[in-house]
Amino acid sequence: MEFQLSEKQQNFRIKVRDFAQQEVEPTAAQRDREERFDRVLFDRMGQLGFTGIPWPEEYGGLGADYVSYALAVEQLSQVCASTGVMLSVHTSLAGWSLYRYGTEEQKQKYLRPLSEGKNLGAYSLTENESGSDAGAMRTRAMKEEDGYILNGTKIFVTNAGEADIYVVFAMTDFQKRSKGCSAFIVEKGTPGFHFGKKEKKLGIRSSPTMGIIFDQCRVPKENLLGNEGEGFKIAMTALDGGRIGIAAQAVGIAQGALDACIASLKNRQAAPTKLADMATRIEAARLLTYQAAWRESTGLPYGKQSAFAKLFASDTAMQVTIDAVQMFGDFGYTDDSPVERYFRDAKVTQIYEGTSEIQRLVISRMLLAD
Ligand SMILES: Cc1cc2nc3c(=O)[nH]c(=O)nc-3n(C[C@H](O)[C@H](O)[C@H](O)COP(=O)(O)OP(=O)(O)OC[C@H]3O[C@@H](n4cnc5c(N)ncnc54)[C@H](O)[C@@H]3O)c2cc1C
C-alpha cells in the first residue's frame with residue numbers, strides 16, 4: 001500500500017493552496033454576506049489550469065488524476081466552500097458527463113472550453129417532484145426531425161445563471177420510465193431557456209443556485225449526450241464521481257474549522273480531547289475520499305467507495321463545525337467568527353448529490369448485491 005501523495009500531487013496541492021489563501025480567502029466572508037459569485041476567481045482558476053484537472057490535454061485539460069482534483073476541491077473548500085462546489089460541479093458533473101459520454105465533436109466543442117476555463121459548467125437533474133427519486137422527472141424532450149423540444153422546470157441548479165454549458169436530463173419516453181430519460185447539452189442563451197428562482201440559502205451563499213425553465217426550448221440533435229434513453233445512467237454515474245468532489249469539499253470545510261479552532265484557541269482553555277477527536281475524524285474522511293479518487297483514476301469500481309466517502313465526510317464536516325462553534329462560545333455564534341460560515345456551509349454536504357439517507361441506501365444495496 002502507498003499512503004504518500006506523489007511529488008507531483010504534493011506540488012499541485014501547494015499551488016492550489018497558495019491560490020486559495022492569497023486570492024480566494026480574502027473575499028470569502030464578504031462574498032458570502034453579499035451572496036456574490038465572482039467570475040474573476042473562475043477565470044483565474046482557468047489560467048492556472050484548475051478548471052480541467054483530470055481531463056487530457058487534447059481536451060484542454062491538465063492531464064492530472066482524480067486525486068489531484070479532490071486535492072483542489074479540498075484546498076479551495078478549506079477557505080471557501082462555495083468556490084469548492086463551483087469547481088466540483090463544473091468538473092465532476094458537467095465535465096465528467098461530457099468526457100465520458102460525449103462524441104469527439106462534443107468534447108472539442110464543449111469540454112475543451114470548460115477545461116480551459118473559458119466556459120463554466122452546470123448539471124441539471126433535480127425537479128420539484130424528483131430529488132432523491134430522479135426517476136419521477138417531468139421535464140420532457142419531444143423528438144422532432146432535427147433535434148428535441150424541451151419543456152419543463154428544473155430547480156436547484158448550482159452555477160446556474162453564471163454557467164455557459166448545462167448538462168440537462170429530460171424524458172424522451174415516459175413509458176420506459178428511467179430507461180426513457182436522455183441527457184442533453186444546452187447552451188445558455190438558447191431560445192426557450194430561462195432562469196427561474198434564485199435560492200436564498202443557509203450556506204454556500206456565494207455559490208449561485210437557481211431554477212431553469214424550458215419553454216419550447218429547441219436543442220439540436222447533435223447535443224444529445226450519449227444515446228437516447230441513457231440519461232439516467234449518465235446522471236447516476238456522474239453522481240458517483242461527483243460525490244468524491246463533495247466528500248473533498250466536506251473534508252476541506254472540516255479542516256478549515258479545525259484550523260480556525262487551533263489558531264484561535266491554543267492560548268485558551270479549549271478542550272484538547274475535542275481537538276483530537278475532530279482531527280481523527282477528518283483524517284479518516286480524507287483517507288476515504290482519496291481512496292475513492294484513487295480508484296476512479298486507476299479504473300477500479302468506485303461507486304461504493306465514493307458513497308462511503310461522501311457519507312462519512314459530510315457527517316464529519318457537520319460534527320466538526322458544530323464542535324468548532326461550541327468551542328468558540330458566543331463569538332462562534334456571530335459572523336465575525338470564521339467558524340460560523342463553516343458551520344452553515346457544512347450542512348449542504350449531507351443533502352446534495354444524494355442525501356446521507358440515499359448514500360446509506362446505495363451502500364446497503366451494494367452490500368446485499370455482493
Ligand atoms: C445548495 C444546493 C445545490 C444543489 N445543486 C444541484 C445541482 O447542481 N443539480 C441538481 O440536479 N440538483 C442540485 N441540488 C438538488 C439536490 O441534489 C437534492 O436536493 C437532493 O438530491 C435531495 O433531493 P430533495 O431535496 O428533493 O429531497 P427529497 O428527495 O424530497 O428527500 C427529503 C428527505 O427524505 C429523505 N428520503 C428521500 N427518499 C428516501 C428513501 N428512499 N429512503 C430514506 N430517506 C429518503 C431524504 O434523505 C431527505 O432527508 C442542489 C441542492 C442544494 C440544496
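Just follow the structure's listing: the first ligand is 1, and inside any ligand the first atom is 1. Owing to the predicted nature of the structure, the values given are computational and were not obtained by experimental measurement.
- The existence of a salt bridge linking Asp18 and Lys15 is excluded, since no basic side-chain nitrogen approaches an acidic carboxylate oxygen closer than 4.0 Å.
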What verdict does the salt bridge (Lys or Arg N to Asp or Glu O under 4.0 Å) test give for Glu23 and Arg44, after you've listed the backbone C-alpha separation in whole Å, the side-chain angles of each residue and the deciding distance to 0.1 Å?
CA-CA 9 Å; Glu23 301 188 43; Arg44 280 287 293 139; 2.8 Å; yes
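- Within 4.0 Å of ligand 1, the residues that place a heavy atom are Tyr123, Ser124, Leu125, Thr126, Gly131, Ser132, Phe156, Val157, Thr158, Lys201, Ile204, Thr209, Val348, Ile351, Tyr352, Glu353, Thr355, Glu357, Ile358, Leu361, listed by chain and number.
- Within the 4.5 Å cutoff, no side-chain heavy atoms of Thr139 are placed close to those of Phe169.
- Among all heavy-atom pairs drawn from Lys198 and Glu35, the shortest one is NZ-O, 3.4 Å.
- Under the 4.5 Å side-chain criterion, counting only non-hydrogen atoms from C-beta, Leu93 is not in contact with Val167.
- You'll find the side chain of Thr237 reaches within 4.5 Å of the side chain of Tyr101, heavy atoms only.
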